[in-house]
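In this text the structure is predicted, and so the values were computed from the model without any measurement.
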Protein chains: 2
Amino acid sequence: MPKIVDHNQRREELAQAAWRVIKQGGIEAATVRKVAEEAGMSLGSLRHYFETQSELIAFSMDLVSNRVTKRIRQTPLTGNIRTDCIMLAAQVLPLDEERRIEGEVWLAMTAKSLADPSLRILFLEVHDSLLRLFEQIVCRCWGQPYNRPLSPVAAAEARALHALIDGLAVHLLFELEGLSPETAMALVERQLDRIIGMGDQ
Amino acid sequence: MPKIVDHNQRREELAQAAWRVIKQGGIEAATVRKVAEEAGMSLGSLRHYFETQSELIAFSMDLVSNRVTKRIRQTPLTGNIRTDCIMLAAQVLPLDEERRIEGEVWLAMTAKSLADPSLRILFLEVHDSLLRLFEQIVCRCWGQPYNRPLSPVAAAEARALHALIDGLAVHLLFELEGLSPETAMALVERQLDRIIGMGDQ
DNA sequence: TTTTTTATAATACAACTGTGCTAATATGCG
DNA sequence: CGCATATTAGCACAGTTGTATTATAAAAAA
């Protein structure tokens with residue numbers, strides 16, 4: 001046998017090379033040749049880890065959601081509801097370079113998911129679990145147990161929070177009108193305070 | 001001379017053919033050949049109206065924003081602040097088939113804009129004027145004159161409304177968790193009512 | 001050492017790409 | 001009518017694409 005290689009690690013390396021190519025030239029620049037070159041390996045070598053281009057793209061998209069999920073799971077909770085909710089929401093926004101490239105790739109994948117049924121499935125799964133997260137946040141803000149189906153009001157607040165954060169994420173990527181990470185976070189906190197305020201009544 | 005043809009109308013026909021191709025197969029499917037075929041004309045004919053592919057794509061993106069702008073301008077105002085604001089916001093959301101294909105194309109263009117400087121300029125222009133619209137809506141809700149720069153609170157509310165609606169637009173395109181146009185509009189109205197409520201204090 | 005299997009690389013090929021160029025077509029105008 | 005020209009159509013070409021195939025290198029296992 002030859003040098004034994006961690007297949008999954010190699011696939012992640014290639015996927016991150018794909019990220020960089022996508023960041024540079026958009027999803028249509030993510031050809032197998034360009035990704036292989038960016039990863040510093042030959043075309044045949046890439047094909048040893050991904051049989052088709054679709055596999056590579058799907059894995060690259062999957063890696064984004066895995067990274068975000070992992071970060072959410074590892075977020076240290078303080079017990080302070082407001083602080084914890086803010087910290088969780090922050091994991092989805094492109095606030096630093098690490099989360100920025102994830103966001104750019106995710107946006108590219110989102111557009112591709114519209115016309116690609118198999119990517120669409122993955123996209124919907126991710127957004128469903130994201131909505132669950134926001135539902136939990138709303139329930140926690142109101143000191144309610146998290147039982148689905150939620151009350152109409154809680155469901156509405158979760159959906160609105162979800163949409164607000166998704167919208168802010170895109171606006172941050174484009175630095176719309178000089179929108180800064182701090183301003184974006186302030187808007188999220190503002191909305192969270194409104195939600196918390198509703199629970200007191 | 002041959003048959004005299006309205007150049008701009010032909011370009012719009014081709015751009016709408018591009019829309020359909022993009023809806024079907026994503027932005028990378030919008031090759032000059034596929035668009036020409038979809039429009040029912042030859043490749044050489046298309047090239048008579050668009051010298052390059054980039055021109056065709058940029059025009060197609062431009063057409064989306066023109067359509068939305070036109071609809072916003074033509075929205076009949078009732079004088080009732082709440083109703084008018086709702087009607088305006090509704091022009092940006094993919095609530096029916098006409099606005100849906102615009103939304104799908106816009107999402108595809110958004111992703112492409114991230115890596116394409118010239119498209120990015122157009123994208124930023126559109127979003128700036130969209131933000132202006134939401135700023136006007138907030139001011140109108142509070143019975144304030146519209147003078148920039150706005151107060152920090154008004155600016156924050158406009159930004160949040162903008163992000164909420166953009167996020168909802170994407171979620172509607174994917175029918176996230178069965179999100180319906182009615183539910184989406186209810187969320188917008190909810191947010192508007194909150195804004196109006198803030199002005200009373 | 002020899003064998004065997006994995007990893008890497010190189011090449012080939014058919015299909016598709018954008019764009020340049022040329023010929024044909026048809027129609028408004030003198 | 002005939003002519004000029006906007007329009008349409010077609011082909012060519014070089015470059016890129018995804019994928020298949022084959023060859024080489026290297027190292028674990030015998």
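Spacing between atom CG of A:Leu46 and atom P of D:dT19 amounts to 10 Å, rounded to whole angstrom units. Between the CD atom of B:Glu28 and the C1' atom of C:dT17 there is a distance of 13 Å, rounded to whole Å. As a whole-Å value, the separation of B:Leu14 CG from D:dT8 C1' is 13 Å. Regarding A:Glu37, its CD atom lies at a distance of 13 Å from the P atom of C:dA10, rounded to whole Å. As a whole-Å value, the separation of B:Glu13 CD from D:dT7 C1' is 14 Å.
One finds no side-chain N or O of B:Lys34 lying less than 4.0 angstrom from the OP1 or OP2 phosphate oxygen of C:dC16. The side chain of B:His7 places an N or O atom within less than 4.0 Å of a non-bridging phosphate oxygen (OP1 or OP2) of D:dT7.
A:Arg100 contributes no side-chain N or O that, together with a main-chain N or O of A:Pro94, makes up a donor-acceptor pair within less than 3.5 Å. The backbone N or O of B:Gly79 lies less than 3.5 Å from a partner atom in the side chain of B:Asp84, making a donor-acceptor pair.
A salt bridge does not link A:Arg190 to A:Asp193: none of the charged nitrogens lies less than 4.0 Å from a carboxylate oxygen. A salt bridge is defined here as a Lys NZ or Arg NE, NH1 or NH2 lying under 4.0 Å from an Asp or Glu carboxylate O, and A:Lys112 with B:Glu104 fails to meet this definition. With respect to B:Arg67 and B:Glu98, no salt bridge is recorded, no charged nitrogen being found less than 4.0 Å from a carboxylate O. A salt bridge is absent between A:Glu157 and A:Arg194; no separation between the charged side-chain nitrogens and carboxylate oxygens falls under 4.0 Å. Using a 4.0 Å cut-off between a side-chain N of Lys or Arg and a carboxylate O of Asp or Glu, B:Glu38 and B:Arg33 do not qualify as a salt bridge.
A:Tyr49 and A:His7 have their aromatic ring centers within a separation under 6.0 angstrom.
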(request) Would you mind building the protein contact string for nucleotides 9-14 of chain D? One character per nucleotide, 5' to 3', B for base within reach (heavy atoms under 4.0 Å), S for sugar-phosphate only, - for untouched. (result) BB-B--
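Using a 4.0 Å cut-off on heavy atoms, the residues of residues 48-63 of chain A that approach DNA chain D are A:Thr52, A:Gln53, listed by number.
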